[in-house]
Amino acid sequence: MALLELAVTNLAVIESVRLPVARGFTAVTGETGAGKSLVVDAVSLVLGARAAADLVRSGATAARVEAIFEDPSLPTDDPLADLLADGEGMAIVRREITAEGRSVARVNDRTVTVASLAALGARLGEIHGQHDQQRLLDPNRQLALLDRFGGHEELLAAVSEAHHAWRAVVAQGAELVTDAHELARRTELLRYQADEIGAAGLRSGEEAEVEKALRAATHAAAVARAAADATRALRDDGGALDTLRTALRSLEEAAGHDARFSPLLDRAHAVAAEAEELARDAADAGEQVDLDPQTRQGLEDRLALIYDLRRKYGATIDEVLAFGEEASAELERLEDQDGMRERLRADELKRRTELEAAAATLHGARAAAGSALAERVNAELPPLGLRGGAFGVELQAVELGASGGDRVTYMFAPNPGEQPRPLGRIASGGEASRLSLALKVVLAAADETP
């Protein structure tokens, strides 16, 4: 991956410049005030650095920076890889800062947030200067680089998994009720709720059935009266059945003399049979109507119970039943608090032991990697004017976490006999930048920036 070209417009004192960049080492020279640092600032902007309105050239409405990167590549599972998919082997990054301070960023003509641009910029390039190596001074960054240098991905995953399992057991233990009064209160409440719902004997869909039955019971007298009226209209003297019998006799006489009436006679017989069955069914249905007022009262009481349980525990019977099941399960857990506590205590001890074992394995690997890293970096120091053996990697024990139980600090002792100090506390910027360069050389394969 390489930076091919940088174009800058209206950035501070730069009115317009287009800078082709050759592969390999490129030096930009010029007198003081010519704008050399602004070229570096322009690269910083396309890599996602914060922008200020005072960077816009006086009298201009906006400053623009454009950079063309060749052969950028990210792993396919990287969330930013999609930004480079349409670049056909290029990444064209544009950044515009208006005089009002508004910033717009685009990658291959797709508008992105500055945060996304900064994340992508960390993968495209890095500004390295006397005071620009701050990422290497961050303890978390130092730890991450050591792990990548040592190839500890699988060990880290094992520690993270063990830590997650341990924390899950700890969280379960924290959910247990420890106050005796609170435990008694919750147990009594859950038992009452579970018993109340269980005693009701609810069935899914029962509410609609009870409402339908209650409507019928409410109008039972009218229904029975109507059934009786219908039966009399069919069966009484002069009723529908008598009329049909008269019609049958007349059609039989006609069919005996004229064959055309035979089909009509058949239909009349069918109608008479249906009327007989209708009268019988109407009478039976009328007799089955429950006129007992206690039946209606029972339905009303049942519906009132259903409504009351719904008001307390759920919008539907199914939700009420689900609440009862959850209450019963929770009651069972609370009644087994002592047993659960002992099981969780044993499980927590087991998980903690597994976590400590995984962290110890990772610590050993880190110690070995730290020694190897120090040896490699110290070999790079003499050509940079620093004494060999000045750099070291120190591991300190900290509380176990998802990344293990180590705090990594890069140490440096620039002069013989001087006590090594954390890299972030070195006073000399020149020493810091040279040591940072040595680290970058050694860690290049482990760094995400190409």
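Below, each value reflects all heavy atoms present in this structure, side chains not excepted, and no hydrogens, waters or symmetry copies. Heads up: numbering here begins at 1 and tracks the sequence.
- For the atom pair CZ of Arg366 and NE2 of His152, the computed distance is 7.5 Å after rounding to the nearest 0.5 Å.
- Checking Glu356, Arg352, Glu354 one by one against Trp166, the side chain to side chain contact (heavy atoms under 4.5 Å, CB included) holds for a single residue, Arg352.
- With a 4.5 Å cut-off on side-chain heavy atoms, Val320 and Leu202 count as touching.
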- Message: Using side-chain contact (heavy atoms from CB on, under 4.5 Å), reason through Thr187 and Leu331 one step at a time and then give a plain yes or no.
- Response: CA-CA 6 Å; Thr187 301; Leu331 177 61; 3.5 Å; yes
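- Atom-to-atom distance recorded for Arg148:CZ and Leu156:CG is 11.5 Å, nearest 0.5 angstrom.
- No side-chain heavy atom of Arg343 sits under 4.5 Å from any side-chain heavy atom of Asp347.
- By the 4.5 Å heavy-atom criterion applied to side chains, Leu145 and Phe149 are not counted as neighbours.
- In terms of modelled atom types and a separation under 3.5 Å, the side chain of Asn108 and the main chain of Ile92 share a donor-acceptor contact.
- Note: Leu155 CG to Asp147 CG = 8.5 Å, rounded to the nearest 0.5 Å.
- Under the 4.5 Å side-chain criterion, counting only non-hydrogen atoms from C-beta, Thr61 is not in contact with Thr98.
- For Glu31, the CD atom counts as loosely surrounded, since its 6.0 Å shell holds 12 or fewer non-hydrogen atoms of other residues, nucleotides or ligands.
- Residues Glu330 and Arg186 meet the side-chain proximity criterion, which asks for heavy atoms closer than 4.5 Å.
- To the nearest 0.5 Å, the span separating CD1 on Ile317 from CZ on Arg203 amounts to 8.0 Å.
- Smallest separation of non-hydrogen atoms from Leu19 and Val28: CD2-CG2, 4.4 Å.
- With sequence neighbours left out, the side chain to side chain donor-acceptor pair (under 3.5 Å) criterion links Glu332 to no other residue.
- Nearest heavy atoms, Ser403 versus Leu143: OG-CD2, 4.3 Å.
- When the shell of 6.0 Å around NZ of Lys212 is examined, it contains 12 or fewer heavy atoms from other residues, nucleotides or ligands.
- With Arg57 contributing its side chain and Val13 its backbone, the two residues share a donor-acceptor pair below 3.5 Å.
- Taking all atoms of both residues into account, the shortest heavy-atom contact from Pro420 to Ala413 is CA-CB, 3.8 Å.
- Salt bridge status for Asp195 with Arg191: absent, with no side-chain N to carboxylate O gap under 4.0 Å.
- Considering Glu206, Glu319, Glu207 as possible partners of Arg310, the one that fulfils the salt bridge (Lys or Arg N to Asp or Glu O under 4.0 Å) test is Glu207.
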- Under the side-chain contact (heavy atoms from CB on, under 4.5 Å) criterion, do Leu6 and Val17 qualify, and how do the steps go? CA-CA 8 Å; Leu6 182 71; Val17 64; over 6 Å; no
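- The closest side-chain heavy-atom distance from Val65 to Val93 is not below 4.5 Å.
- Crowding of Glu154 atom CD: a count of heavy atoms from other residues, nucleotides or ligands under 6.0 Å not exceeding 12.
- Taking CD from Glu209 and CZ from Arg302, the interatomic distance works out to 10.5 Å, rounded to the nearest 0.5 Å.
- To the nearest 0.5 Å, the span separating CD on Gln142 from CE on Met411 amounts to 10.0 Å.
- Between Ser103 and Val114, the closest heavy-atom pair is OG-CG2, 4.0 Å.
- Between Arg345 and Glu348, none of the side-chain N atoms (NZ, or NE/NH1/NH2) sits under 4.0 Å from a carboxylate O, so this pair counts as no salt bridge.
- At distances below 3.5 Å, at least one donor-acceptor pair connects side-chain atoms of Asn378 with backbone N or O atoms of Ala374.
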- Message: Determine whether Arg106 and Asp109 satisfy the following criterion, salt bridge (Lys or Arg N to Asp or Glu O under 4.0 Å), listing intermediate values before the conclusion.
- Response: CA-CA 5 Å; Arg106 294 182 177 86; Asp109 285 332; over 6 Å; no
- Query: Does the side-chain contact (heavy atoms from CB on, under 4.5 Å) test come out yes or no for Gln193 and Leu189, once each step is laid out?
  - Reply: CA-CA 6 Å; Gln193 292 172 334; Leu189 175 62; 3.7 Å; yes
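- Checked against Val377 for a side chain to side chain contact (heavy atoms under 4.5 Å, CB included), the options Phe391, Tyr410, Phe412 give a single hit: Phe391.
- Taking each heavy atom of Ala194 and Gly324 in turn, the nearest pair found is CB-O, 4.5 Å.
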- Task: Go through Leu3 and Ile68 one step at a time and tell me if the side-chain contact (heavy atoms from CB on, under 4.5 Å) criterion holds.
- Result: CA-CA 6 Å; Leu3 174 64; Ile68 302 176; 5.8 Å; no
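- When the shell of 6.0 Å around CD of Glu375 is examined, it contains 12 or fewer heavy atoms from other residues, nucleotides or ligands.
- In plain terms, the two heavy atoms of Ala200 and Leu305 that are nearest each other are CB-CD2, 4.1 Å.
- For Glu96, the salt bridge (Lys or Arg N to Asp or Glu O under 4.0 Å) partners at least two apart in sequence or on another chain are Arg64.
- For Glu161, the CD atom is loosely surrounded, since the number of other residues' heavy atoms within 6.0 Å does not exceed 12.
- The side-chain heavy atoms of Leu4 and Val21, taken from C-beta on, include no pair separated by under 4.5 Å.
- One finds no salt bridge joining Glu380 and Arg376 here, because no Lys/Arg side-chain nitrogen approaches an Asp/Glu carboxylate oxygen to under 4.0 Å.
- Residues Arg167 and Val170 are in side-chain contact: their nearest non-hydrogen atoms beyond the backbone lie under 4.5 Å apart.
- Legend: residues meeting side chain to side chain contact (heavy atoms under 4.5 Å, CB included) with Ala51, ordered by chain and number and at least two apart, are Leu45, Arg95, Ile97.
- The neighbour count for Lys350 NZ, taken as heavy atoms of other residues, nucleotides or ligands under 6.0 Å away, does not exceed 12.
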